Amino acid sequence: MAALLTAPMLADLLWPVFLLAGWEQVRIDPGNTRFTPLDFVSYPWSHSLLMLALWATAFAGVYLAAVRYWPGAIAIWFGVVSHWVLDWVTHRPDMPLLPDGARYGLGLWNSVAGTIMVEVAMFAAGVWIYLRATRAEDRIGRWALAAYVILLMIGYAGNAFGAPPDNVSQIAWSGILAAVILIPWAWWFDRHRAAAGDKNR
Ligand SMILES: [Zn+2]
């Protein structure tokens with residue numbers, strides 16, 4: 001579960017580190033799109049399609065060497081690359097194919113209502129799929145998951161309607177903090193849930 005969750009988040013886990021290192025740039029620019037106050041000036045290493053394919057291959061390779069489970073490695077590879085596809089849908093044209101190539105984006109974030117409808121629907125679908133595929137074995141499996149879903153919804157509302165961040169290091173550190181909390185947390189409740197199996201339960 002931790003690996004499966006890390007995969008689609010990987011671009012946004014590398015990004016704060018690269019921001020702090022000064023390798024990538026973001027600017028706080030309220031109104032850049034209607035939904036986000038961020039202007040993604042440059043993020044060739046964390047967000048170009050080519051680099052994400054390489055990160056995906058590296059991550060899936062490490063996973064395969066450690067766990068020797070091909071379906072999991074394939075899911076991880078597509079999970080990492082899916083970040084580019086989904087950011088391409090939401091971002092204005094700032095998503096590079098190659099680290100220094102042309103940049104693309106459909107700009108869903110120009111519509112607040114459209115963004116919230118699509119993102120909430122995808123989140124609900126993800127939760128529904130996970131609830132269908134697993135069942136709680138104990139109270140942690142039930143309530144740590146429920147608290148997780150609620151926290152993600154609160155965090156999303158804060159992102160959508162809260163004040164823009166004060167500075168870039170705040171963006172970077174809150175991203176790192178979120179990952180450090182959310183990934184182990186998901187690993188924790190997932191250990192207290194079992195595969196649902198063939199019977200409908
Ligand atoms: Zn991203």
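Predicted model, so just to flag it, every value in this text is computed and none were measured.
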| task | Determine the minimum heavy-atom distance between P165 and P37, stating which atoms define it. | result | CD-CG, 4.1 Å

| message | Is the ring pair W188/H192 parallel, tilted or perpendicular, if the boundaries are 30 and 60 degrees? | response | perpendicular

| When the ring planes of W15 and F40 are compared, do they come out parallel, tilted or perpendicular, using 30° and 60° as the limits? | tilted

| message | Between I140 and L145, is there a side-chain heavy-atom distance shorter than 4.5 Å? | response | no

| request: First locate atom CD of Q25, then atom CG of L19, and finally report the distance between them rounded to the nearest 0.5 Å. | output: 8.0 Å

| query | Does D39 reach the side chain of R92, with side-chain heavy atoms less than 4.5 Å apart? | reply | yes

With a 3.5 Å cut-off and sequence neighbours excluded, list the donor-acceptor pairs that the side chains of residues 49-73 form with protein atoms.
{"unit_1": "W55", "atom_1": "NE1", "unit_2": "W45", "atom_2": "O", "d": "2.8"}
{"unit_1": "T57", "atom_1": "OG1", "unit_2": "A53", "atom_2": "O", "d": "2.7"}
{"unit_1": "T57", "atom_1": "OG1", "unit_2": "W77", "atom_2": "NE1", "d": "3.0"}

| Would a 4.5 Å heavy-atom cut-off, applied to side chains only, mark M95 and H47 as touching? | yes

| So, do L38 and D29 sit near enough that their side-chain heavy atoms are less than 4.5 Å apart? | no

| field | Shared hydrophobic cluster for L106 and V112 (ILVMFWY, side-chain gaps under 4.5 Å) | value | yes

| field | Inter- and intrachain pairs under ring pair (Phe, Tyr, Trp, His ring centres under 6.0 Å), touching residues 110-159, at least two apart | value | Y130-F189, Y148-W185, Y148-F189

| task | Return the minimal non-hydrogen interatomic distance between L13 and V17, and the atom names on each side. | result | O-CG2, 3.6 Å

| request: For the residue pair L177 and I181, establish whether any side-chain heavy-atom pair is separated by less than 4.5 Å. | output: yes

| request: Show the numbers, then the answer: is there a side-chain contact (heavy atoms from CB on, under 4.5 Å) between L10 and H83? | output: CA-CA 8 Å; L10 186 65; H83 191 106; over 6 Å; no

| At what distance, to the nearest 0.5 angstrom, does CD1 of I129 lie from OG1 of T134? | 11.5 Å

| How far apart are the closest heavy atoms of P93 and R103, and which atoms are they? | O-CB, 3.7 Å

| task | Run the numbers on D94 and H91 for side-chain contact (heavy atoms from CB on, under 4.5 Å), then give the verdict. | result | CA-CA 7 Å; D94 59 29; H91 287 217; 3.0 Å; yes

| request: Among N110, T90, N159, T115, find the residue that satisfies the side-chain contact (heavy atoms from CB on, under 4.5 Å) test when tested with F35. | output: T115

| task | Determine, step by step, whether L108 and V118 satisfy the side-chain contact (heavy atoms from CB on, under 4.5 Å) criterion, reporting the C-alpha distance in whole Å, the side-chain angles of both residues, the deciding distance to 0.1 Å, and the verdict. | result | CA-CA 9 Å; L108 176 62; V118 170; 3.9 Å; yes

| said: So which atom in A194 and which in E137 form the shortest heavy-atom distance, rounded to 0.1 Å? | reply: CB-OE2, 3.5 Å

| task | Nearest 0.5 Å please: distance from the CD1 atom of I183 over to the CG atom of L5. | result | 5.5 Å

| Given F78, which of V80, V81, I74 fulfils the side-chain contact (heavy atoms from CB on, under 4.5 Å) condition? | I74

| said: Any non-hydrogen side-chain atom of P44 less than 4.5 Å from a side-chain atom of W23? | reply: no

| said: Check for me, please, whether L4 and W187 land in the same ILVMFWY cluster - side-chain distances under 4.5 Å, paths through other members count. | reply: no

| said: I need the minimum non-hydrogen distance between S48 and W84, along with the two atoms involved. | reply: C-CD1, 3.8 Å

| What is the minimum heavy-atom distance between A11 and S46, and which atoms define it? | CB-O, 3.3 Å

| R191 bridged to D138 by N-O distance under 4.0 Å | no

| request: Treat each ILVMFWY residue as a node, draw an edge where side-chain heavy atoms are under 4.5 Å apart, and state whether V89 and M117 are in one component. | output: no

| field | Residues which pass side chain to side chain contact (heavy atoms under 4.5 Å, CB included) with S111, listed by chain and number, not counting sequence neighbours | value | A113

| field | Worked verdict on I171 versus I28 for side-chain contact (heavy atoms from CB on, under 4.5 Å) | value | CA-CA 10 Å; I171 299 169; I28 295 159; 4.0 Å; yes

